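Notes follow the structure.
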Amino acid sequence: MTDTDMTARRRDALASYAILDTEAEAEFDEIVEAASAACGMPVSLISLLDVDRQWFKAETGFGSRETPLSSSICALTAGQRDVFVIPDTTEDPRTADNPLVTGAPHVRFYAGVPLETADGVALGALCVLDTKPNALNASQTLILRTLARQAMTTLELRRALKGRRESDRRNKAILESAIDYGIISMDLTGHVTTWNAGAEQILGWTEAEMLGQHANVFFTQKDERDQIAEREMGSALLHGRGSDERWHRRKDGSLFWASGEMMPLLDERGTPEGFLKILRDRTEQRNAAAKQQADAEFMRSVLSSSADCIKVLDLDGGLTFMNEGGLRVMELSDFNLVKGCPWPDFWQGQGHTDAHAALDAARAGGVGHFQGPANTYIGTPRWWDVQVTPILGPNGQPEKLLSVSRDITGQKAIESQLTISEERWRGLFTGMQEGFLSAELIRGTAGRAVDFHLLEVNPAFARLTGLPVDSAGRTIRELIPNIAQSLIDTYARVIETGQPETFEIHVPELRRTFEVRARKQGEQQFAALFLEISERKRTEARRAAMIELGDCLRDVGDKEEISRIAAEILGRTLGLSHAGYGQVDPEAETILVAHEWTGAGLTSIAGLHRFRTYGTYIDDLKAGRNVVIEDLGSDARTAADAEAFAAIHARALINLPVMEHGRFVALFYGVRAEPGVWAPEDIAFVRHVADRTRSTVARVEAEEQQRILNLELSHRLKNTLTLVQSIASQTLRNAENLREARDALAARLVSLGKSHDILLTGRSDSAPITALIDGTLSLHQDGETRFRTCGPELPLGPSAALALGLILHELATNASKYGALTCPAGYVSLEWSIHGQGAEAMFQMVWSEHGGPPVTPPSRSGFGSRLIQRGLAGGTVDTRYPTEGVVCTLTSSLASLSAGM
């Protein structure tokens, strides 16, 4: 292994002990004092090797807590496996130039033992120093080696105790569920450290009242005088369990009979660190059986009443006696079946070895103790806590041995269950989808909560909030400097009132909302469960927005106001930077935004925009496809125009085209200032807003169109009635008889009706000229070549259409009566054209008859002739009568023909 690898392992190991730069501790100070005294050296150190220094957990005679690693002699010891001695440092090339040798404190002698972990990592050394050359004898070497092991043992115990305390904290919640049992933990002096809900229910005191109180509080005054609590603790330490049934005292002074057990709380190395007292109210059971058991309990001997298996052994380990309780627990009917048998043979494997070791310890006058599995006489598996002590004879020497075996099968089962339960809860803690944290408040000088330490967080909390998985141990303001003080105040209120609270918090940076359930966990500690409700809140917001949109648009009649309202609701609901609705010119590829909604502090982008200024997606919109872009800077369609988007604070966009009859006519858009995913629900929401907005706009346009149509219909009806009145009046005035008047009037009204039909079957405000000509002349068309027409298509306004229809009807009627249409080979040529451009453009139509009888000018002018002579609005009529056929030329400005469109 390289030096770098070893340094890294040492650094990680030291970190696991959390020992560097801690305050002085008596356990370590006593070790260096013992080493100095035993070796007769003025200086002794417990040195730990950090990355660039050696730091002394304990020192005597040195006067400093650390030195540079470059001058460390203990660094040489770390590479050894046993005691490392330099009799004279000035003669050893490894230390001759060391600053500690050449200067103060002038070290001349060094002896050290590496402080090595179970994994073989040397953390540093226990060493002694002298200012003169020296040496260690065998006893001093042994003592130094032993003290080094003691230092490592103390380090291990220190780490184990810290882990145990954390485990106890988590297990407290489990113990609180045992409300039928009073479960009380105490320190080694008998002072209460925890007090579960069952203890509060049975004894009456709350945990807050009992913390720090001695257990004597709930013992009777007699038991307190007799130091029963202390005896139970002593028995628990001696036997692994102290159990009894006796009277105990409640808070209100009343007494109750309780069965109790006291067990030592052991750390990972089996060292007692406190006691666990379990009480159960047995007053009713005791009262019922008190008379029956009183005499028997008084007469029964200690041995016969014990639930432990108590045995007397000879010095060789042979069985000479077993109490009645032992016979029962060993499931043995007759002691004679095992009398004289070697006691260690009841144990197998390691248990057999441990039994012999316990015998050896007791024979030497000490106490042998171990735990292990062994079957009863009939083969039932059990776990035992065994203690072997000497029975001294008159001469003070061991004469016999006493073995007490306590059945701890149930305790082992509970420990196993607790381990399994803890693993199960730990799996739930790490695997749950809800975020969880436990924390401790930090209060300022005025007592107000200003921050809190995160004690524990699960992976789901880190995933939901975006905080590091290793956030435990850090403060929330360290992780989120701008966290709202109101949130800290809420947690403080939970602790101060003791009442759980459920509330919601929104994290704008994450666009997430959480439901938080907080409860008090300790004096200044709380726990909180985080459930993400972001989608539920967004769904509620979208639903409320659609209701608001419907309410707001119900009575609005202005299209610009409609688009403004829709954009404002859309932008506010989705947290956009810009939102709006615009009319589109697909040929020019432009969009006109009259009004838009803009986020706070941003400049509006209302106005006329060219689509291709912002990317290459216009063809998708023309085809009716939605355009959804999560990052305008990286999308191939918009990356080249990223600067243009950045100028209007756009990093993500959604464009929804509005199509009418397959044509791109309008656009609904939303823009975000930061890139991000557009959820399907958000896209659907934009579509709903766009559809609702477009339908409202369509309603307003339809209402406006209907109003215009009503006005136009009224106007046309009045004009038509006036025209019919004039036609009827003139026809009747010029007719020679009633029959002629009827026929003429009927024909003229039919022609007028056909002109109206042409108007109504085309656009509401115009009629095509070809359709008008074909409809008017169809009554006189008795062959395919009777009318030869030629000219461009153009729309006619309502007045021009009706006038031209009547003129053509009169010309065709005259041709049928007197002109070209009276002969089978006769025909009419009708040609029209447009001359000039723009406002100067003129329309000309020429009616010429061919193949008819010779024509002579009429002797008088009837209504039909006068109707023809009126011509078209803003134009002239020229009617000539050459012999070969009538020629009528109509002229008018093109603008006059389109009037009313």
Side-chain angles (χ1 to χ4, degrees), residues 157 160 164 183 185-186 188 230-245 259-278 302-313 317 319 321-332 338 341-364 366-391 400-419:
L157 287 174
R164 181 61 176 271
I183 303 176
S185 66
M186 300 170 286
L188 291 173
E230 289 78 1
R231 292 185 185 182
E232 285 188 3
M233 290 186 286
S235 178
L237 290 175
L238 184 62
H239 303 293
R241 174 182 294 177
S243 60
D244 66 1
E245 290 192 2
S259 61
E261 282 200 55
M262 185 174 289
M263 295 170 287
L265 293 174
L266 307 177
D267 62 16
E268 287 80 0
R269 295 180 176 274
T271 302
E273 60 178 4
F275 300 96
L276 183 69
K277 175 79 172 177
I278 301 177
V302 175
L303 292 178
S304 62
S305 65
S306 175
D308 297 334
C309 182
I310 302 175
K311 303 167 288 293
V312 177
L313 313 176
L319 285 166
F321 169 81
M322 183 181 295
N323 70 330
E324 293 180 10
L327 293 175
R328 287 193 299 273
V329 75
M330 283 296 295
E331 299 180 311
L332 182 62
V338 296
C341 292
W343 173 68
D345 290 350
F346 285 89
W347 305 87
Q348 303 296 323
Q350 184 61 41
H352 186 78
T353 302
D354 292 341
H356 275 292
L359 290 178
D360 292 341
R363 281 194 290 260
V367 177
H369 179 266
F370 69 96
Q371 290 184 350
N375 295 341
T376 66
Y377 187 75
I378 64 174
T380 303
R382 297 279 173 83
W383 264 87
W384 308 92
D385 182 271
V386 183
Q387 184 167 283
V388 183
T389 55
I391 300 175
K400 292 183 180 180
L401 304 176
L402 179 67
S403 172
V404 180
S405 299
R406 170 162 291 184
D407 182 3
I408 59 170
T409 305
Q411 177 183 330
K412 283 293 182 181
I414 291 175
E415 291 176 356
S416 176
Q417 291 172 1
L418 287 176
T419 300

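Note that this is a predicted model, so its numbers are computed, not measured.
For the atom pair L238 CG and H369 NE2, the distance stands at 8.5 Å (nearest 0.5 Å). Note: M322 CE to I310 CD1 = 11.0 Å, rounded to the nearest 0.5 Å. One distance of note links CE of M263 with CD1 of I408; it measures 11.0 Å at 0.5 Å rounding. Here the CE-CZ distance, from M330 to F346, works out to 5.5 Å after rounding to the nearest 0.5 Å. Residue D407 holds its CG atom at 5.0 Å from CH2 of W384, rounded to the nearest 0.5 Å. Atom NZ of K277 sits about 3.0 Å away from atom CD of E232, to the nearest 0.5 Å.
Judged as a ring pair (Phe, Tyr, Trp, His ring centres under 6.0 Å), and not counting sequence neighbours, the contacts of F370 are W347. By the salt bridge (charged side-chain N to carboxylate O under 4.0 Å, His left out) test, R231 pairs with no residue at all, sequence neighbours left out. Residues passing the side-chain contact (heavy atoms from CB on, under 4.5 Å) test with E261 are R241, S243, sequence neighbours excluded. For S185, the side-chain contact (heavy atoms from CB on, under 4.5 Å) criterion is met by T193, T194, L265, L276, not counting sequence neighbours. Applying the side-chain contact (heavy atoms from CB on, under 4.5 Å) criterion to V312, with sequence neighbours excluded, gives T320, F321, I391, K400, L402.
When every heavy atom of M262 is checked against every heavy atom of F275, the shortest pair comes out as CG-CB, 4.0 Å. Minimum interatomic distance between W343 and S403 (heavy atoms only, all atoms of both residues): CZ2-OG, 3.5 Å. L237 approaches P264 most closely through the heavy-atom pair CD2-CB, 4.3 Å.
Using a 4.5 Å cut-off on side-chain heavy atoms (C-beta onward), L401 and K311 make no contact.
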>> With side-chain contact (heavy atoms from CB on, under 4.5 Å) as the criterion, how do V329 and R382 come out once you've worked through the C-alpha distance, each side chain's angles and the decisive distance to 0.1 Å?
In response: CA-CA 9 Å; V329 75; R382 297 279 173 83; 3.6 Å; yes
> Going through the checks in order, is the side-chain contact (heavy atoms from CB on, under 4.5 Å) test met by L327 and Y377?
Replying inline: CA-CA 9 Å; L327 293 175; Y377 187 75; over 6 Å; no
Hey, can you pull the donor-acceptor pairs under 3.5 Å for the side chains in residues 348-364, sequence neighbours left out?
unit_1: Q350; atom_1: NE2; unit_2: D354; atom_2: OD1; d: 2.8
unit_1: H352; atom_1: ND1; unit_2: P344; atom_2: O; d: 2.8
unit_1: H352; atom_1: NE2; unit_2: H356; atom_2: NE2; d: 3.2
unit_1: D360; atom_1: OD1; unit_2: R363; atom_2: NH2; d: 2.5
unit_1: R363; atom_1: NH1; unit_2: L315; atom_2: O; d: 2.6

